[in-house]
Participant: 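Below are the structure tokens for one structure; questions will follow.
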Amino acid sequence: MVGCRGPVLSSPVTIFDRDTTLTALGPGRYAVTFSRDWWVVAGPNGGMVAAVMLTAAEAEVAEERRFPRTITVHYLAPPREGPAEVVVTAEKTGRAVSFVSVRLTQGDRACAVALVALASDRPDLLDVQHQPPPHVPPPEACPRLVTEGSDATIRHRWETRWAIGPLPRSEGGSDQFMESGGWLRLSEPRPLDGPALVAMADAWVPPLLAVHEHPGFSVPTVELTVHLRDRAALTALGPTDWCLTRFRCRTAREGFVEEDGMIWSPEGRLLAQSRQLAILQPLPPDAPRPSLRLEPPA
């Protein structure tokens, strides 16, 4: 594994910070505003919605020693651009683990519900990692993904260096095994924390799009689960550090597709595991079709 640390920067508030900022409305109630900076097709990227809900859970628990360990989000309807409300309920607070539920609404419209567990560090009685990172070139040696001709603004929020699998709709795609991945970081430098890591788990181009025979699809998420695995490795990352990602899809059937993801630190520590179920949905004929290309490394 090739290390790829960058300088530690003290950057101003980023778009990510702005769009995950919450305003307290009362006990367990927060206001947030969704912008089109994270749009995909019909609404904000599901990872960004999860990041907002996790931010609310952390604000409600408000214990630095309790770190988010898992979040599961069900997406009921895509949020619209504009204000929304997040309601957090403490379901149980134990000596070591806090369980909270989170509900995101816009007016009388329910958009998403989530369950989050936050826990303090426990004795490291066993340190086993059976999922080593794949061997890939460092980010500066990998081609940069460039998106053109699309309203999927999320692609501009992340720097993407392609290292695993064929480019979407290229001749290397296969219906039998869909896999893609590479280096990823926010386009504006900021420390990588729990909400940013959860957003990253849904930020890569869906592996399904690597199947060149398929027409344009959208894959709106039904459910996303992210396990956050290494707090120490995460907090050690600098604002410009890259993470290595790999996402795999093995089954698309009856209109649904699943995706498994892994995120590693530059040193090869497993930071997060994700799994999601999404709807397989053809794009409308008049929908903008993204043009994806790889720009060779400098």
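In this text, all values refer to a predicted model and were calculated from it rather than measured experimentally.
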Participant: So which pairs with a foot in residues 218-231 pass salt bridge (Lys or Arg N to Asp or Glu O under 4.0 Å), sequence neighbours left out?
Facilitator: Asp121-Arg231, Asp230-Arg269
Participant: Only counting residues at least two apart or in another chain, list the ones meeting side-chain contact (heavy atoms from CB on, under 4.5 Å) with Thr251.
Facilitator: Arg253, Glu258
Participant: Can you find a pair of side-chain heavy atoms, one from Ile164 and one from Glu179, that are under 4.5 Å apart?
Facilitator: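 With C-beta onward as the side chain, the pair touches.
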Participant: Let me check something: do Phe247 and Leu294 share a hydrophobic cluster, defined by ILVMFWY side-chain heavy atoms less than 4.5 Å apart, either directly or through other members?
Facilitator: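 Hydrophobic grouping puts Phe247 with Leu294.
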Participant: Can you find a pair of side-chain heavy atoms, one from Phe34 and one from Pro44, that are under 4.5 Å apart?
Facilitator: yes
Participant: Test Val87 against Thr105 for side-chain contact (heavy atoms from CB on, under 4.5 Å), laying out the working first.
Facilitator: CA-CA 8 Å; Val87 177; Thr105 61; 5.6 Å; no
Participant: In the single-linkage hydrophobic clustering (I, L, V, M, F, W, Y; side-chain heavy atoms under 4.5 Å), do Val113 and Val116 co-cluster?
Facilitator: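 Different clusters: Val113 never reaches Val116 through Ile, Leu, Val, Met, Phe, Trp or Tyr contacts under 4.5 Å.
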Participant: Are Leu244 and Pro139 close enough that some pair of their side-chain heavy atoms sits under 4.5 Å apart?
Facilitator: no
Participant: Check step by step if side-chain contact (heavy atoms from CB on, under 4.5 Å) holds for Arg161 and Leu145.
Facilitator: CA-CA 6 Å; Arg161 300 298 174 92; Leu145 181 67; over 6 Å; no
Participant: Going by the rule side-chain contact (heavy atoms from CB on, under 4.5 Å), which residues pair with Leu115 if we only count those two or more places apart in sequence or in a different chain?
Facilitator: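 Leu115: side-chain contact (heavy atoms from CB on, under 4.5 Å) contacts with Ser101.
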Participant: Looking at side-chain heavy atoms only, is the closest gap between Thr14 and Leu186 below 4.5 Å?
Facilitator: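 A side-chain contact is absent here, since even the closest heavy-atom pair is not under 4.5 Å.
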Participant: Between Val198 and Ile71, is any pair of side-chain heavy atoms under 4.5 Å apart?
Facilitator: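 Val198 vs Ile71: side chains touch.
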Participant: According to side-chain contact (heavy atoms from CB on, under 4.5 Å), who are the partners of Val97, at least two apart in sequence or on a separate chain?
Facilitator: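 Result, side-chain contact (heavy atoms from CB on, under 4.5 Å) vs Val97: Phe99, Ala117, Ala119.
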Participant: Would you check, one step at a time, whether the test salt bridge (charged side-chain N to carboxylate O under 4.0 Å, His left out) holds for Arg190 with Asp17?
Facilitator: CA-CA 9 Å; Arg190 76 178 298 278; Asp17 294 311; 2.8 Å; yes
Participant: Provide the full list of salt bridge (Lys or Arg N to Asp or Glu O under 4.0 Å) pairs with a residue in residues 56-65, sequence neighbours left out, each pair given once.
Facilitator: Glu63-Arg65, Glu63-Arg66
Participant: Is it true that the side chains of Ser35 and Arg18 contain a donor and an acceptor less than 3.5 Å apart?
Facilitator: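 Judged by distance alone, the side chains do pair up.
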Participant: Where do Glu159 and Ser187 land on the side chain to side chain donor-acceptor pair (under 3.5 Å) test, with the steps shown first?
Facilitator: CA-CA 5 Å; Glu159 286 191 68; Ser187 57; over 6 Å; no
Participant: Side chain of Trp204, backbone of Pro206: donor and acceptor closer than 3.5 Å?
Facilitator: no
Participant: Kindly state each residue pair satisfying side chain to side chain donor-acceptor pair (under 3.5 Å) with at least one member in residues 42-54, sequence neighbours excluded.
Facilitator: Asn45-Asp202
Participant: Do you reckon Leu76 sits in the same ILVMFWY cluster as Leu224, going by side-chain contacts under 4.5 Å, direct or chained?
Facilitator: no
Participant: For residues 87-109, which residue pairs pass the salt bridge (Lys or Arg N to Asp or Glu O under 4.0 Å) check, not counting sequence neighbours?
Facilitator: none
Participant: Contact between Phe256 and Val222 at the side-chain level, heavy atoms closer than 4.5 Å - yes or no?
Facilitator: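 SC-SC contact between Phe256 and Val222 confirmed.
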Participant: Could you tell me if the side chain of Leu197 sits less than 4.5 Å from the side chain of Leu192, heavy atoms only?
Facilitator: yes
Participant: Using 4.0 Å as the upper bound for N to carboxylate O, is an ion pair formed by Arg157 and Asp37?
Facilitator: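 Salt bridge present between Asp37 and Arg157.
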Participant: Do any N or O atoms from the side chain of Trp183 and from the backbone of Pro137 form a donor-acceptor pair under 3.5 angstrom?
Facilitator: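 Yes, because the side chain of Trp183 sits within donor-acceptor range (under 3.5 Å) of the backbone of Pro137.
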Participant: Under the side-chain contact (heavy atoms from CB on, under 4.5 Å) criterion, do Cys243 and Arg185 qualify, and how do the steps go?
Facilitator: CA-CA 6 Å; Cys243 290; Arg185 67 182 179 185; over 6 Å; no
Participant: Would you say that Val257 contacts Cys249 through its side chain, given a criterion of any heavy-atom pair below 4.5 Å between the two side chains?
Facilitator: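 Contact flag for Val257/Cys249 side chains = yes.
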Participant: For Thr72, check side-chain hydrogen bond (donor to acceptor under 3.5 Å, both in side chains) against everything at least two apart and list the hits.
Facilitator: Thr225
Participant: Applying salt bridge (charged side-chain N to carboxylate O under 4.0 Å, His left out), can you list everything that pairs with Arg80, at least two apart in sequence or on another chain?
Facilitator: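 By the salt bridge (charged side-chain N to carboxylate O under 4.0 Å, His left out) rule, Arg80 matches no residue at all.
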Participant: With side-chain contact (heavy atoms from CB on, under 4.5 Å) as the test, would you mind laying out the steps for Asp19 and Met48 before giving the verdict?
Facilitator: CA-CA 9 Å; Asp19 289 350; Met48 190 59 181; 3.6 Å; yes
Participant: First locate atom CE of Met262, then atom CD of Gln131, and finally report the distance between them rounded to the nearest 0.5 Å.
Facilitator: 4.0 Å
Participant: Not counting sequence neighbours, which residues clear ring-ring contact (aromatic ring centres under 6.0 Å, His included) with Phe16? List them please.
Facilitator: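 Only Trp38 meet the ring-ring contact (aromatic ring centres under 6.0 Å, His included) criterion with Phe16.
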Participant: With sequence neighbours excluded, tell me which residues meet side-chain contact (heavy atoms from CB on, under 4.5 Å) with Pro220.
Facilitator: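 By the side-chain contact (heavy atoms from CB on, under 4.5 Å) rule, Pro220 matches Ser218, Ile279, Gln281.
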Participant: So, Ser180 side chain and Gly165 main chain: donor-acceptor pair closer than 3.5 Å or not?
Facilitator: no
Participant: Salt bridge (charged side-chain N to carboxylate O under 4.0 Å, His left out) with Arg29: which residues, sequence neighbours excluded?
Facilitator: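 Once residues adjacent in sequence are excluded, the partners of Arg29 under the salt bridge (charged side-chain N to carboxylate O under 4.0 Å, His left out) criterion are Glu85.
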